[in-house]
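Below you'll find the structure, written out as structure tokens, and then a few comments.
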Amino acid sequence: MYDKKSLNADDFINHEEILATLKYADEHKDDMPLIREIIEKAKKRKGLDHREASVLLACEDEEIIAEIYKLAEAIKQDYYGNRIVLFAPLYLSNYCINGCLYCPYHGKNKNIRRVKLTQEQIRDEVIALQDMGHKRLAIEAGEHPEMNPIEYILESIDTIYGIHHKNGAIRRINVNIAATTVENYKKLKDAEIGTYILFQETYNKESYLKLHPTGPKHDYDYHTEAMDRAMAGGIDDVGLGVLFGLELYRYEFAGVLMHAEHLEAVHGVGPHTISMPRVKPADDIDPDEFDGGISDEIFAKLCALIRIAVPYTGMIISTRESQKVREMVLPLGVSQISGGSKTSVGGYAEEELPEDNSSQFDVSDRRTLDEVVNWLMRLGYIPSFCTACYRAGRTGDRFMELCKNMQILNCCHPNALLTLKEYLEDYASPDTKKLGLEMIQKEISVIPNEKIRKKTADYLNGIADGSRDFRF
Ligand code: SAM
């Protein structure tokens, strides 16, 4: 039975409720009075529930879709401004005992080169990432209790936070590892991670069981209930995601919103982020073998609807997407993107060999971080390397409050300018630096609070003399 407060996966991601939602959406996709009502509700910027948002997803009226896009852009502007936070994934190990049919790490793939980084190799990777200018990483690993136990992950986090090369520092490590126990989540919390990220892959249990035929990840309930355990372990920034392309997107969309509603109902705080990955070709993997491939247009519509349905949740687009697609979805509510990414284990420090097949998927956006930063600014976005929130205690509901009270412009905006300046001084090419300094001059005036505006200007001058990091 559908119950968003229940701690059982089958209740809060209830299959019958999703089917009823899809039926309701089909029946009302041309019901203009209802659609208008839903859009008016969305304009209040308090979000939509899974049924309401599913009606908008089903609606094919071009004028309505244009209105949804416009609203998504306005909400993004209100809550996030024109900042885009940058990060990079760091693959620690691709040893894995699961059998995920879409992932080249699956245990039966004997073709892939298996690599587990030593702490020394992690140092080399992190120095290479710091030399690009990265401050925020998402660490990734396959699931292998012997090769990648929690102790290895914790030791790696410790190593990464401890490396300071020139002016470089990794100040926030988000963690994307397999579902685990409350005890292990407590350890991750104590290791001062940022967000715990775990993609659901698909919310459709029947498909999930087929797509994960072997290994611990086969346990749908354990996987789906992971975020509740993470929160019980004290982690209050969690990141959801569906691997679009595996199953029918309308089912997944209802599922991820129900998951967000569940977290809010039980823990008083929704997901910190929702990632939007699409399945990509990889060694031993052909995305066409799955049922749910979606066009770029549907992908954009999903992004826009996530933005209006959960206005306070960040949205992440990785380098799985091309420059063209990223350009299409950025204005629709994206708050974070990766840049200069390598998805192979050890790919940052070593020159990638053509025959290396240790990567998790093909990257579509292969530009350097400097190129991405430059491109963002030319599009009018402020590239932000800010990692302040969890370090200043603004996690979970405290971050949501900041967002809901629209204080981002007095807090995240100045921090974005400060960390951008830091990047420009330390790592940017001459053209990017010139462009960035001009942008900073222009963007200081946007800070509404006069005191903060003045302080930001002072701090910005200080960065050239060596003071680093966020201030607000
Ligand atoms: N092993 C952990 C787990 O099972 O959750 C960590 C996740 S894995 C390193 C990161 C994510 O990459 C997966 O959750 C999956 O959604 C995604 N992924 C796997 N194969 C992919 C592919 N062929 N194309 C795009 N993304 C893929």
Side-chain angles (χ1 to χ4, degrees), residues 87-107 109 112 114-117 137-145 147-150 152-153 156 174-180 184-185 188 195-203 207-208 211-220 222-227 229-230 238-247 252 256 273-290 292-294 299 316-322 325 338 341-345 347 357-365:
F87 75 98
L90 172 59
Y91 284 78
L92 299 178
S93 164
N94 61 7
Y95 283 89
C96 194
I97 55 168
N98 285 314
C100 316
L101 298 187
Y102 49 83
C103 181
Y105 291 2
H106 69 80
N109 187 358
I112 195 170
R114 299 281 169 179
V115 193
K116 171 186 171 181
L117 297 181
L137 300 183
I139 57 172
E140 315 268 343
E143 182 166 17
H144 198 301
M147 292 302 281
N148 317 328
I150 192 73
Y152 170 68
I153 305 292
S156 304
N174 297 334
V175 175
N176 183 5
I177 60 165
T180 184
N184 285 346
Y185 287 124
L188 289 171
T195 311
Y196 172 66
I197 300 167
L198 182 69
F199 298 163
Q200 179 63 32
E201 322 298 7
T202 174
Y203 283 96
S207 301
Y208 183 98
L211 287 161
H212 305 93
T214 53
K217 196 165 171 177
H218 179 71
D219 188 337
Y220 172 89
Y222 190 73
H223 188 81
T224 310
E225 293 158 11
M227 294 314 192
R229 291 194 301 281
V238 299
L240 304 180
V242 157
L243 188 54
F244 285 104
L246 299 178
E247 245 300 332
E252 306 294 18
V256 75
T273 53
I274 294 183
S275 295
M276 300 291 287
R278 283 197 283 185
V279 73
K280 297 281 300 173
D283 185 75
D284 206 28
I285 306 297
D286 174 4
D288 292 338
E289 284 176 16
F290 306 103
I294 52 172
F299 186 63
I316 304 181
I317 302 281
S318 74
T319 53
R320 289 176 181 86
E321 299 301 332
S322 65
V325 172
S338 46
S341 304
K342 295 279 165 61
T343 62
S344 51
V345 187
N357 63 358
S358 75
S359 45
Q360 203 192 11
F361 52 82
D362 288 354
V363 163
S364 295
D365 186 343

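All ligand and atom numbering here is 1-based and tracks the order in the structure.
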**Q.** Proximal candidate to atom 6 (C) of ligand 1 [heavy atom criterion; set C100, C96, P104, A141]
**A.** A141
Would you mind checking which non-hydrogen protein atom is closest to [atom], with the distance to 0.1 Å?
atom: atom 19 (C) of ligand 1; value: Q360 NE2, 3.3 Å
atom: atom 21 (C) of ligand 1; value: Y102 O, 3.8 Å
atom: atom 7 (C) of ligand 1; value: N176 OD1, 3.6 Å
atom: atom 17 (C) of ligand 1; value: R320 NH2, 3.5 Å
atom: atom 14 (O) of ligand 1; value: E201 OE2, 2.6 Å
atom: atom 5 (O) of ligand 1; value: L198 CD1, 3.3 Å
atom: atom 4 (O) of ligand 1; value: K217 NZ, 2.8 Å

Q.
I'd like to check which ligand 1 atoms, numbered from 1 as shown, lie under 4.0 Å from a non-hydrogen atom of R278.
A. 25 (C)
Any non-hydrogen side-chain atom of [X] less than 4.5 Å from a side-chain atom of [Y]?
X: L101; Y: E289; answer: no
X: P216; Y: Y222; answer: no
X: Y152; Y: M147; answer: no
X: L188; Y: I153; answer: yes
X: D284; Y: I112; answer: no

**Q.** Reference residue P104; test side chain to side chain contact (heavy atoms under 4.5 Å, CB included); the match among N109, N94, T343
**A.** N109
Q | With Y105, the side chain to side chain contact (heavy atoms under 4.5 Å, CB included) member among E140, E143, R114 | A | R114
Q: Without swapping roles, check the side chain of E321 against the backbone of D365 for a donor-acceptor pair under 3.5 Å.
A: no
(Q) For ligand 1, which is the ligand I care about here, please tell me if Y91 has any N or O atom under 3.5 Å from one of the ligand's N or O atoms. (A) no
Q. Is there any N or O on N98 that sits under 3.5 Å from an N or O of ligand 1?
A. no
Quick one: does ligand 1 sit under 4.0 Å from the side chain of [X], the backbone, both or neither, non-hydrogen atoms only?
X: K280; answer: both
X: A179; answer: neither
X: F199; answer: side chain
X: C103; answer: both

Q. How far does CG of L211 sit from CZ of F290, to the nearest 0.5 angstrom?
A. 6.5 Å
Q) Heavy atom of A178 under 4.0 Å from ligand 1? A) yes
Q | H212/Y102 aromatic ring centres below 6.0 Å | A | yes
